[in-house]
Amino acid sequence: MRIPIRGIHLGYTDEGRGEPLVFLHAFPLSKAMWEPQRTALVSHYRVITVDLRGHGESDALLWHFTLDDYAADIIALLEHLGIGRATFVGLSMGGYILFALFRQHPEMVKALVLADTRAQADSEEGKAGRVALAQLAYRQGMGAVAEQMLPKLLAPVTVQTRPDVVEQVRAIILKNDPAGVIVDLIAMAERPDSSSLLPTLACPTAIIVGEHDVATPPAEARFMAERIPQARLVTIPEAGHLSNYEQPEAFNHALTTFMAAL
Ligand code: MLT
(Lines give C-alpha, C1' and ligand atoms only; values in the text may rest on other atoms or scores of the structure.)
Protein backbone atom coordinates (compact mmCIF):
# COMPACT_ATOMS: atom_id res chain seq x y z
CA MET A 1 0.00 0.00 0.00
CA ARG A 2 1.09 3.60 -0.58
CA ILE A 3 -0.27 6.76 0.98
CA PRO A 4 0.59 10.44 0.61
CA ILE A 5 2.52 11.58 3.69
CA ARG A 6 4.50 14.83 4.10
CA GLY A 7 4.93 15.49 0.37
CA ILE A 8 5.77 11.95 -0.75
CA HIS A 9 4.07 8.58 -1.16
CA LEU A 10 5.09 6.15 1.55
CA GLY A 11 4.89 2.37 1.06
CA TYR A 12 3.84 0.21 3.99
CA THR A 13 2.04 -2.93 5.08
CA ASP A 14 -0.51 -3.07 7.90
CA GLU A 15 -1.88 -6.51 8.78
CA GLY A 16 -3.08 -8.52 11.74
CA ARG A 17 -4.73 -7.55 15.00
CA GLY A 18 -3.62 -6.84 18.52
CA GLU A 19 -0.61 -4.94 19.84
CA PRO A 20 0.89 -2.76 17.10
CA LEU A 21 4.44 -3.73 16.19
CA VAL A 22 6.20 -1.29 13.83
CA PHE A 23 9.31 -2.36 11.90
CA LEU A 24 11.93 0.09 10.55
CA HIS A 25 14.47 -1.35 8.14
CA ALA A 26 18.23 -0.99 7.70
CA PHE A 27 20.33 0.82 5.09
CA PRO A 28 20.26 0.22 2.08
CA LEU A 29 17.30 -2.15 2.24
CA SER A 30 13.51 -1.84 2.45
CA LYS A 31 10.55 -3.29 4.33
CA ALA A 32 11.11 -6.49 2.32
CA MET A 33 13.87 -7.39 4.82
CA TRP A 34 11.15 -7.92 7.46
CA GLU A 35 9.34 -10.69 5.51
CA PRO A 36 10.48 -13.42 7.95
CA GLN A 37 9.04 -11.39 10.84
CA ARG A 38 5.87 -10.20 9.07
CA THR A 39 4.84 -13.70 8.01
CA ALA A 40 5.57 -15.28 11.41
CA LEU A 41 4.07 -12.58 13.65
CA VAL A 42 1.03 -11.36 11.75
CA SER A 43 -1.22 -13.97 13.38
CA HIS A 44 -0.35 -12.56 16.85
CA TYR A 45 0.13 -8.82 16.41
CA ARG A 46 -0.83 -5.87 14.24
CA VAL A 47 2.34 -5.80 12.13
CA ILE A 48 3.31 -2.60 10.32
CA THR A 49 6.35 -2.51 8.03
CA VAL A 50 7.36 0.75 6.37
CA ASP A 51 9.55 1.68 3.42
CA LEU A 52 11.48 4.69 4.70
CA ARG A 53 11.55 7.65 2.33
CA GLY A 54 13.76 6.85 -0.64
CA HIS A 55 13.35 3.06 -0.29
CA GLY A 56 11.25 0.27 -1.77
CA GLU A 57 7.80 1.54 -2.74
CA SER A 58 8.29 4.98 -1.15
CA ASP A 59 9.25 7.97 -3.28
CA ALA A 60 12.92 8.92 -3.46
CA LEU A 61 13.48 12.67 -3.49
CA LEU A 62 17.05 13.83 -4.04
CA TRP A 63 17.11 16.53 -1.38
CA HIS A 64 18.48 17.19 2.07
CA PHE A 65 16.59 15.40 4.84
CA THR A 66 17.54 14.47 8.37
CA LEU A 67 16.67 11.35 10.33
CA ASP A 68 14.14 13.58 12.12
CA ASP A 69 12.31 13.79 8.78
CA TYR A 70 12.28 9.99 8.51
CA ALA A 71 10.90 9.77 12.07
CA ALA A 72 8.25 12.41 11.30
CA ASP A 73 7.12 10.28 8.32
CA ILE A 74 6.57 7.32 10.66
CA ILE A 75 4.67 9.45 13.17
CA ALA A 76 2.44 10.83 10.39
CA LEU A 77 1.80 7.32 9.07
CA LEU A 78 0.84 6.05 12.53
CA GLU A 79 -1.50 9.03 13.02
CA HIS A 80 -3.11 8.13 9.70
CA LEU A 81 -3.51 4.51 10.89
CA GLY A 82 -5.01 5.66 14.20
CA ILE A 83 -2.12 4.25 16.26
CA GLY A 84 -1.12 6.43 19.23
CA ARG A 85 1.31 4.03 20.88
CA ALA A 86 3.28 1.03 19.63
CA THR A 87 6.24 -1.24 20.10
CA PHE A 88 8.94 -0.28 17.60
CA VAL A 89 11.61 -2.54 16.11
CA GLY A 90 14.48 -0.78 14.32
CA LEU A 91 17.50 -2.47 12.82
CA SER A 92 20.64 -0.38 12.33
CA MET A 93 19.51 2.80 10.50
CA GLY A 94 16.01 1.86 11.68
CA GLY A 95 17.39 2.09 15.24
CA TYR A 96 18.94 5.52 14.57
CA ILE A 97 15.49 6.66 13.43
CA LEU A 98 13.92 5.26 16.61
CA PHE A 99 16.19 7.50 18.68
CA ALA A 100 14.91 10.47 16.63
CA LEU A 101 11.31 9.30 17.03
CA PHE A 102 11.74 8.92 20.80
CA ARG A 103 13.13 12.46 21.02
CA GLN A 104 10.07 13.79 19.16
CA HIS A 105 7.30 11.67 20.70
CA PRO A 106 8.36 9.55 23.69
CA GLU A 107 4.71 9.00 24.61
CA MET A 108 4.22 6.98 21.40
CA VAL A 109 6.82 4.41 22.41
CA LYS A 110 5.45 1.55 24.49
CA ALA A 111 8.55 -0.58 24.05
CA LEU A 112 11.68 -0.61 21.91
CA VAL A 113 13.65 -3.26 20.10
CA LEU A 114 17.05 -1.93 19.04
CA ALA A 115 18.60 -4.49 16.71
CA ASP A 116 22.13 -4.35 15.30
CA THR A 117 22.42 -0.63 15.85
CA ARG A 118 24.48 1.90 17.80
CA ALA A 119 23.87 5.04 19.86
CA GLN A 120 27.02 6.96 18.91
CA ALA A 121 27.30 9.38 16.01
CA ASP A 122 29.69 8.71 13.11
CA SER A 123 33.42 9.19 13.57
CA GLU A 124 35.25 11.43 11.07
CA GLU A 125 36.42 8.27 9.31
CA GLY A 126 32.85 6.99 9.24
CA LYS A 127 31.62 10.24 7.68
CA ALA A 128 34.35 10.04 5.00
CA GLY A 129 33.14 6.51 4.24
CA ARG A 130 29.60 7.86 3.75
CA VAL A 131 30.87 10.41 1.20
CA ALA A 132 32.74 7.70 -0.71
CA LEU A 133 29.68 5.42 -0.76
CA ALA A 134 27.43 8.28 -1.91
CA GLN A 135 29.84 8.93 -4.81
CA LEU A 136 29.80 5.24 -5.69
CA ALA A 137 25.97 5.17 -5.66
CA TYR A 138 25.85 8.28 -7.87
CA ARG A 139 28.44 7.08 -10.39
CA GLN A 140 27.90 3.31 -10.49
CA GLY A 141 24.41 2.66 -9.15
CA MET A 142 22.88 0.11 -6.82
CA GLY A 143 24.84 -2.92 -8.10
CA ALA A 144 28.08 -1.37 -6.84
CA VAL A 145 26.42 -0.39 -3.56
CA ALA A 146 25.22 -3.97 -3.06
CA GLU A 147 28.69 -5.35 -3.79
CA GLN A 148 30.25 -3.09 -1.16
CA MET A 149 27.53 -3.59 1.47
CA LEU A 150 26.87 -7.35 1.33
CA PRO A 151 30.02 -8.37 3.27
CA LYS A 152 29.11 -5.79 5.94
CA LEU A 153 25.49 -6.92 6.17
CA LEU A 154 25.96 -10.69 6.30
CA ALA A 155 28.17 -12.93 8.42
CA PRO A 156 31.02 -14.72 6.57
CA VAL A 157 29.28 -18.05 7.21
CA THR A 158 26.13 -16.73 5.50
CA VAL A 159 28.09 -15.41 2.52
CA GLN A 160 29.99 -18.69 2.15
CA THR A 161 27.21 -21.22 2.68
CA ARG A 162 23.88 -19.55 1.85
CA PRO A 163 23.94 -18.12 -1.69
CA ASP A 164 20.13 -17.92 -1.68
CA VAL A 165 20.17 -15.47 1.26
CA VAL A 166 22.95 -13.42 -0.38
CA GLU A 167 20.93 -13.14 -3.61
CA GLN A 168 17.70 -12.26 -1.79
CA VAL A 169 19.41 -9.44 0.09
CA ARG A 170 21.10 -8.24 -3.11
CA ALA A 171 17.70 -8.21 -4.86
CA ILE A 172 16.22 -6.05 -2.06
CA ILE A 173 19.12 -3.59 -2.37
CA LEU A 174 18.89 -3.43 -6.19
CA LYS A 175 15.24 -2.32 -6.04
CA ASN A 176 16.26 0.93 -4.34
CA ASP A 177 17.01 4.22 -6.04
CA PRO A 178 20.54 5.70 -5.72
CA ALA A 179 18.90 9.04 -4.79
CA GLY A 180 17.40 7.46 -1.66
CA VAL A 181 20.74 5.91 -0.71
CA ILE A 182 22.59 9.23 -1.11
CA VAL A 183 20.01 11.04 1.04
CA ASP A 184 20.33 8.31 3.72
CA LEU A 185 24.12 8.64 3.79
CA ILE A 186 23.99 12.40 4.36
CA ALA A 187 21.28 12.00 7.02
CA MET A 188 23.23 9.28 8.85
CA ALA A 189 26.48 11.28 8.71
CA GLU A 190 24.69 14.26 10.27
CA ARG A 191 22.81 12.35 12.96
CA PRO A 192 23.50 13.42 16.56
CA ASP A 193 25.07 11.24 19.19
CA SER A 194 22.25 9.51 21.11
CA SER A 195 24.36 8.19 24.01
CA SER A 196 22.92 10.72 26.47
CA LEU A 197 19.40 9.62 25.49
CA LEU A 198 19.99 6.02 26.63
CA PRO A 199 19.44 6.52 30.41
CA THR A 200 16.17 8.32 29.59
CA LEU A 201 14.72 5.39 27.64
CA ALA A 202 12.34 4.41 30.41
CA CYS A 203 10.32 1.87 28.41
CA PRO A 204 11.02 -1.88 28.23
CA THR A 205 13.84 -2.30 25.70
CA ALA A 206 15.28 -5.33 23.95
CA ILE A 207 18.68 -5.09 22.35
CA ILE A 208 19.41 -7.75 19.75
CA VAL A 209 22.73 -8.25 17.98
CA GLY A 210 24.18 -10.81 15.60
CA GLU A 211 27.19 -12.57 17.09
CA HIS A 212 29.27 -11.71 13.99
CA ASP A 213 27.92 -8.22 13.29
CA VAL A 214 30.84 -6.16 11.96
CA ALA A 215 28.84 -3.02 11.11
CA THR A 216 27.48 -2.51 14.65
CA PRO A 217 29.42 -5.08 16.69
CA PRO A 218 28.24 -6.71 19.96
CA ALA A 219 30.35 -4.15 21.92
CA GLU A 220 27.95 -1.44 20.67
CA ALA A 221 24.99 -3.50 21.89
CA ARG A 222 26.63 -3.89 25.32
CA PHE A 223 27.28 -0.12 25.45
CA MET A 224 23.53 0.49 25.03
CA ALA A 225 22.50 -2.33 27.37
CA GLU A 226 24.68 -0.91 30.17
CA ARG A 227 23.00 2.50 29.92
CA ILE A 228 19.31 1.78 29.21
CA PRO A 229 17.54 1.13 32.53
CA GLN A 230 15.31 -1.82 31.52
CA ALA A 231 17.42 -3.26 28.72
CA ARG A 232 17.57 -6.92 27.93
CA LEU A 233 20.37 -8.04 25.59
CA VAL A 234 20.07 -11.02 23.26
CA THR A 235 22.91 -12.23 21.03
CA ILE A 236 21.92 -14.19 17.93
CA PRO A 237 24.42 -16.97 17.08
CA GLU A 238 25.67 -17.44 13.51
CA ALA A 239 24.31 -14.08 12.35
CA GLY A 240 25.94 -10.89 11.15
CA HIS A 241 24.37 -7.43 10.86
CA LEU A 242 21.07 -8.62 9.31
CA SER A 243 20.37 -10.91 12.25
CA ASN A 244 16.60 -10.90 11.58
CA TYR A 245 17.11 -12.20 8.04
CA GLU A 246 20.02 -14.55 8.65
CA GLN A 247 18.51 -16.27 11.70
CA PRO A 248 14.77 -15.50 11.61
CA GLU A 249 13.76 -18.20 14.08
CA ALA A 250 16.15 -17.02 16.80
CA PHE A 251 15.28 -13.38 16.11
CA ASN A 252 11.52 -14.05 16.20
CA HIS A 253 11.92 -16.04 19.40
CA ALA A 254 13.73 -13.09 21.03
CA LEU A 255 11.01 -10.75 19.82
CA THR A 256 8.02 -12.84 20.91
CA THR A 257 9.60 -13.57 24.32
CA PHE A 258 10.08 -9.83 24.81
CA MET A 259 6.53 -9.03 23.65
CA ALA A 260 5.04 -11.70 25.94
CA ALA A 261 6.74 -10.13 28.96
CA LEU A 262 5.33 -6.62 28.29
C1 MLT B 1 22.45 -0.12 8.33
O2 MLT B 1 22.42 -1.35 8.28
O3 MLT B 1 21.41 0.54 8.46
C4 MLT B 1 23.77 0.57 8.19
O5 MLT B 1 24.81 -0.35 8.34
C6 MLT B 1 23.88 1.67 9.16
C7 MLT B 1 25.15 2.45 9.02
O8 MLT B 1 25.76 2.44 7.95
O9 MLT B 1 25.55 3.11 10.00
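Atoms within each ligand, like the ligands themselves, are counted from 1 in listed order.
- Contact atoms of ligand 1 toward Ala26: 1 (C), 2 (O), 3 (O) (distance under 4.0 Å to a heavy atom of the residue).
- Residue-to-ligand polar distances keep Leu91 apart from ligand 1: every N/O pair is separated by 3.5 Å or more.
- Closest to atom 8 (O) of ligand 1, if we only count protein heavy atoms, is Arg130 NH1, 2.7 Å.
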TODO: Go through the steps to decide whether Phe23 and Leu41 satisfy the test side chain to side chain contact (heavy atoms under 4.5 Å, CB included), and finish with yes or no.
DONE: CA-CA 12 Å; Phe23 288 88; Leu41 302 176; 4.0 Å; yes

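- Taking 4.0 Å as the cut-off between side-chain N and carboxylate O, Arg130 and Asp122 count as a salt-bridged pair.
- Regarding atom 4 (C) of ligand 1, its nearest protein heavy-atom neighbour is Ser92 OG, 3.2 Å.
- Counting protein heavy atoms only, atom 9 (O) of ligand 1 is closest to Tyr96 OH, 2.5 Å.
- Using a cut-off of 4.0 Å between Lys/Arg side-chain N and Asp/Glu carboxylate O, Lys31 and Glu57 are scored as salt-bridged.
- Of all the heavy atoms of His25, none lies under 4.0 Å from any atom of ligand 1, so neither backbone nor side chain is involved.
- For ligand 1, one of its N or O atoms has an N or O atom of Met93 under 3.5 Å away.
- A salt bridge links Asp14 with Arg46: the distance from a Lys NZ or Arg NE/NH1/NH2 to an Asp or Glu carboxylate oxygen falls below 4.0 Å.
- Ring pair Tyr12/His80 is perpendicular by interplanar angle, where above 60° counts as perpendicular and below 30° as parallel.
- Counting protein heavy atoms only, atom 5 (O) of ligand 1 is closest to His241 NE2, 3.3 Å.
- Residues Asp59 and Arg2 are paired through a salt bridge, judged by an N-O separation under 4.0 Å between the basic side chain and the carboxylate.
- Neither the backbone nor the side chain of Lys152 comes within 4.0 Å of ligand 1, counting heavy atoms alone.
- Hydrophobic clustering, with ILVMFWY side chains joined whenever heavy atoms are under 4.5 angstrom apart, groups Tyr70 together with Ile3.
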